[in-house]
Each structure stands twice: as C-alpha cells, then as structure tokens.
2 protein chains.
Amino acid sequence: MEAKKTFFNLPEEKQKRVLETALEEFSEKGYEGASINLIVSKLGIAKGSIYQYFTDKKSLFLFIFDYAVELIRKTLKQVKHETKEEPTFERIRRSLLAGVDFIERHPFIYRGYLKMMFEREAPFRQELLQRIRLFSSEYLTSLLLEGREKGEIRKDMNLETMVFLLDAVMDRFLQAYATPYLDSGLNLHRMKRSEIERHVDEIVKLISKGIGR
Amino acid sequence: MEAKKTFFNLPEEKQKRVLETALEEFSEKGYEGASINLIVSKLGIAKGSIYQYFTDKKSLFLFIFDYAVELIRKTLKQVKHETKEEPTFERIRRSLLAGVDFIERHPFIYRGYLKMMFEREAPFRQELLQRIRLFSSEYLTSLLLEGREKGEIRKDMNLETMVFLLDAVMDRFLQAYATPYLDSGLNLHRMKRSEIERHVDEIVKLISKGIGR
DNA sequence: ACCCATTATGACCGTATGGTCATATTAAAA
DNA sequence: TTTTAATATGACCATACGGTCATAATGGGT
C-alpha cells in the first residue's frame, strides 16, 4: 500500500539500510525538515531511485512510522507478559527500564516520536499520535486495574487521573533519558544503567507513596 | 543588541504586531520551518522592511525569545509571591492554574516552548532551554524546601527526585491543556475552567498521597 | 518650497526543496 | 547473441527559502 514492489525486490539489507537512513533523517529534522536529497546522498543512490521505491515523501514517512509502531507495540506486549505475576510497582519499574533499553536499542525511533508530538506538519499526525498514546494508556490502565484487584492500588481515586500521572512521569523520565536538559537537575541523560536503576526505584516509590507529609 | 534602532522608532502598536505575528509563525513551524516571507505577507509589509528592523532571522528569533522568557519569569515570580503564606499543596494548585491562565493569555508562547524542546535546529537551543528549565526547577525546589520546613513535605526522600516528579506532572498537565491527544484520555485540551479545577484538585491530591495502598 | 535623514519597497540573487522522466544500465530469458 | 523486462540515473522543473540593495516614498525642520 505504501511502498512500491520495486522496494520489496531489493536485497533485505539494502531495504533495511534505506529505512534506517530515512528514519534517522526524519527523527532528526521532523517530517517537513527532512530532506530527500540528503537521504539519497547519504545512501549513495540517485534521487530517482528512491522514487522507484516509494511514491513520495509521505509514503516513505508512513511506511517508516508503521515499522516503528510495530516495534513499540511488540516491546510493550512482551514486558506486560513477562511481568504478569509481579507486584504492580515492580511491573512499573520494569516497564520504565524496558523503555530505557528500547531507547538504547532504537535511539531514532523515540526521538522521532518526540519530534512528532510537537510538530503540526507531519501527515496524519493526529491519527498517528492517537494510535501510540492509545495503547500506551490502555497498557497503564490494565496495569492499574489488575493492581487494584490485588489491593495494591488505592480505590478512592479516579482511575483516569492515576493513569495520567503515571503516564506523565514515565514519559518524562524517558524523555529526560533521551534528551539533555529536560530533567530538572537529575542529569538522567545517558546515565549509566546502575544509576538509572537507582533513580527508577526512587521515582516508583514516590509515585506509590506521594510527596506529602 | 538584537533589534535595530529602526524597530524601536516604530509606533508601539506596530512593534507589538510584528512581534506577535512572528511569534505565531515561530511557534507553529519552529525556527527552521518559520518563513520570513509568510511573516511579512501576513503583516502586509515588504520583505525588505523586516530586515530594517532585525539583522536576520536569528536576531528576530532571539529577540522574541527574550520577550517571552521575561513574561514567564514575571508570572512565576508573581504566583510565588501571591501564595507566600499558603500551604504547599495549595501553592502547587495555584501554580498549575496560573499556568493554564498563562496559556490562555499567551497561547503561542507555550506552543513555542514545546516546539523548541524537541527541535535541534533553533539557535542556542541548549542555552535557551537551560534558562527556562533552570528557573522552573529553582521555583519548585524552593517551594518544596519551604514545605519541608512547615512539615508538609516528607523528608525521607531525595529532594531532586521530588522536584522531577512535580515538574513532570505539572508540565504534562499544561502540555495536555495546550495540545490535544496528550493526556491519556483525560481530555484536558481547552476544557472549561471549572472542570480544569476539578482535575487540578485530583492531581494535586495524587501527588501528595501517591497512588499506592 | 526645499532639504535630508529616516523608513519602505520589491525585483533580484544563490541555494535548496520535492518530484519527474526520458534514457542508460543491468541481468535474466530466449 | 538477441530480446525484454526490471532497475538505476541525474538533468531538469516549478517553487520556496533567507537575504540584499538600489531606489522610492515619507515627513519634520528650516
């Protein structure tokens, strides 16, 4: 639907190189800012060639987006399954660490997501963002619901508000890890794993017990 | 330093119109994406004219940035002073509502800040972001410190981590208010004031008592 | 009425963009 | 060796960008 058949006839490693190079460009410059000229020159192919693979810039973007979303979805699903029997706050802890690992493994995907969040220009931005945030909040909602049944999560407070708080803190934690100057002095950015884990522990404790009293 | 004398000789209302129009363009498209051509055509002036006011795109951007930062700084300072005698969580509540009001009064400033946060292209981005986040986290730090003295804030937890959590939740709340599809189903975006206040109350309660037990 | 400093103008420049297409190259089939 | 279908190419197009500059319009002081 989005890529031409010529693209799929390419050797798999070339396909991947094309996708990774384009992903890097999009995640650094955003949709409008990304340059097809730069992508092809980085790939060492003629400009016409990339238009043999994809009908236009938009198709290329959407194809990459789908590829990235699928990766995220799989990762979330796996964590959810792996921690099925753990206590709720341990699951939250593990989810955060899984996010850190994901950023480490696919640095451009998370940057691209951040880019999109505050870009008006990306095609279908609204729909695409909704797709991501939806299964992110579905994930947290089910976590908290199961936590309530186990008596680990308070029942005297609105579920949606708790999901909002969780989502906000977790997302910001990952943003701070992926971007400098976003963490109010915690200096999370690319911190080594052991110290990250220490901070995760503290934050989860705060989410659980609050800052009051 | 950043604007030419010609600009300051302009009638004040024209100065303001120029700044507001440019601010709107920058906040919608980001630094690179913003078009001088569009700005002048929206203003109904010749392209050459704006180069009589500012030496180049960068100067225009930095001038607007300073103007915006000063507004934010003043607002924060005022809230801090106005709530001097209130309990800590009431101060947090009031700060959030002040943020909502600020967005209502200066919608493009907050959007511009969000844009910058995830743009690599803006000139001096790192330094500029640091300037904002610094006095934001200084503000929260002093709030919490005074709260500790009054015995309202727990002392058995790292202060920096609490500031991080506060900052994350408050910032995300304002982001969700200013941007659709960012609130995990709370639908804060441009919600009417009375309902906003209800949500603020709930969130502050959660920050205080946590989601656990 | 003249002067003159200040401000406004828009054609123009070099560069870059996304996209096109006739043609060249390749490689397998005949 | 010849034919044929698939792939690669880069000159070229219209458009837009930030920025320049010689010139025109303006308006207060004399």
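All chains are named by letter (A, B, ...) in the order of the sequence lines, taking the proteins before the strands, and each is independently numbered beginning at 1.
At whole-Å resolution of the value, NZ in B/Lys57 and P in D/dG19 are 7 Å apart. Between B/Phe61 atom CZ and D/dG19 atom C1' the separation is 19 Å, expressed in whole Å. If you measure from atom OH of A/Tyr51 to atom C1' of D/dA11, you get 15 Å, rounded to the nearest angstrom. Going from atom CD of A/Glu32 over to atom P of D/dA16 covers 13 Å, rounded to whole Å. In this structure, the NZ atom of B/Lys29 is 15 Å from the C1' atom of D/dG18, given to the nearest Å. Between the NZ atom of B/Lys4 and the P atom of C/dA8 there is a distance of 12 Å, rounded to whole Å. Counting to the nearest Å, the P atom of C/dG18 and the CZ atom of A/Phe54 are 15 Å from each other. Whole-Å rounding puts the A/Leu60 CG to C/dT17 C1' distance at 15 Å.
In this structure, of C/dG19, C/dT9, D/dG10, it is C/dT9 that holds the atom nearest to the side chain of B/Gln52.
A sub-4.0 Å separation between OP1 or OP2 of D/dA16 and a side-chain N or O of B/Asn37 is absent. When the side-chain nitrogen and oxygen atoms of A/Tyr53 are compared with OP1 and OP2 of D/dA8, one or more of them lie within a distance under 4.0 Å. Between A/Asn9 and D/dT7 there is a side-chain polar atom (N or O) within less than 4.0 angstrom of OP1 or OP2. Contact between the side-chain N/O atoms of B/Lys14 and the OP1/OP2 oxygens of C/dA8 is found at a separation under 4.0 Å. Distances shown here put every side-chain N or O of B/Thr6 at or beyond 4.0 Å from the OP1 or OP2 atom of C/dT6. A close approach under 4.0 Å does not occur between any side-chain nitrogen or oxygen of A/Lys47 and OP1 or OP2 of C/dA16.
A/Ser49 comes within 4.0 angstrom of a base, heavy atoms only.
For B/Gly48 and A/Ile36, each mapped to the nucleotide of DNA chain C holding its nearest heavy atom, the one lying further toward the 5' end belongs to B/Gly48.
With ring centers used as reference points, A/His106 lies 6.0 Å or more from A/Tyr110. In this structure, A/Phe63 has its ring center under 6.0 Å from that of A/Phe54.
For B/Arg111 and B/Ser27, the side-chain atoms include no donor-acceptor pair closer than 3.5 Å.
The overall bend of the helix from C/dC3-D/dG28 to C/dA29-D/dT2, read as the angle between its terminal helix axes built from five base pairs each, is 10° when rounded to 10 degrees.
Note on A/Asp183 versus A/Arg172: no salt bridge recorded, every NZ/NE/NH1/NH2 to OD/OE distance being 4.0 Å or above. Between B/Arg17 and B/Glu13 there is no salt bridge, since no side-chain nitrogen of the basic residue lies less than 4.0 Å from a carboxylate oxygen of the acidic one.
In this structure a side-chain-to-backbone donor-acceptor pair under 3.5 Å is present from A/Arg125 to A/Met116.
Residues meeting the side chain to side chain contact (heavy atoms under 4.5 Å, CB included) test with B/Thr161, sequence neighbours left out: A/Glu202, A/Ile203, A/Leu206, B/Asn158.
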